[in-house]
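Quick notes on the structure that follows.
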Amino acid sequence: MKKLIIAAGVVSLMAGSAFAEDANQKAGTAAGIVGGATAGAVVGGPIGAGVGAVVGGALGGALTPPPPEVITYVEQQPAPPSVVVQEQVVIGKPIPQAVVLTPVPDNPRYAYAVVNEHRVIVEPQSRTVVQVIN
């Protein structure tokens with residue numbers, strides 16, 4: 001019975017994401033479902049996989065990768081000085097407050113910085129990393 005409920009939750013999240021207009025949103029949801037299911041399976045077996053998929057889908061959909069024009073803009077800008085931080089820069093996690101962000105002029109939903117020799121695109125309100133460019 002539990003498996004049926006979990007499967008129904010996963011299917012409903014996938015169906016909901018199928019109706020999203022933004023392709024990046026769909027990609028984030030799909031990645032969240034897969035990543036959540038994998039992590040949940042390791043921790044809690046089959047039930048953990050179902051719960052992880054539901055939670056991962058919800059969180060993955062909330063983290064939208066930047067559009068191609070933002071990535072191109074950040075790649076083409078002269079690199080500001082690289083900031084060295086001890087923390088690992090991870091997509092989905094906030095960037096340290098010590099890092100100065102440069103806004104993307106044509107898309108205020110994104111800003112960027114160079115951290116540990118990598119260009120990093122973030123959502124400036126929460127300072128959440130959405131893309132790391134190697």
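All values reported here derive from a predicted model rather than from experimental measurement.
- Remark: the backbone N or O of P66 is not paired with any side-chain donor or acceptor of R109 at under 3.5 angstrom.
- Applying the side chain to side chain contact (heavy atoms under 4.5 Å, CB included) rule to D106 yields no partners; only residues at least two apart in sequence or on another chain are considered.
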Report all side-chain donor-acceptor pairs from residues 70-98 shorter than 3.5 Å, counting only partners two or more places apart or in another chain.
from, atom 1, to, atom 2, distance (Å)
T72, OG1, P68, O, 3.0
S82, OG, N116, N, 3.4
S82, OG, E117, N, 2.9

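- Between T128 and S126 the shortest heavy-atom distance is OG1-OG, 2.6 Å.
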Would you check, one step at a time, whether the test side-chain contact (heavy atoms from CB on, under 4.5 Å) holds for L101 with V122?
-> CA-CA 8 Å; L101 302 178; V122 303; 3.5 Å; yes
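- Contact check for I133 versus H118: no side-chain heavy atoms found under the 4.5 Å cut-off.
- At a threshold of 4.5 Å between side-chain heavy atoms, the hydrophobic network of Ile, Leu, Val, Met, Phe, Trp and Tyr places V129 and V114 in two separate groups.
- Proximity of Y110 to P103: side-chain heavy atoms (C-beta onward) are nowhere separated by under 4.5 Å.
- Legend: residues meeting side chain to side chain contact (heavy atoms under 4.5 Å, CB included) with T102, ordered by chain and number and at least two apart, are Y112.
- Between the CD atom of E123 and the OG1 atom of T64 there is a distance of 9.5 Å, given to the nearest 0.5 Å.
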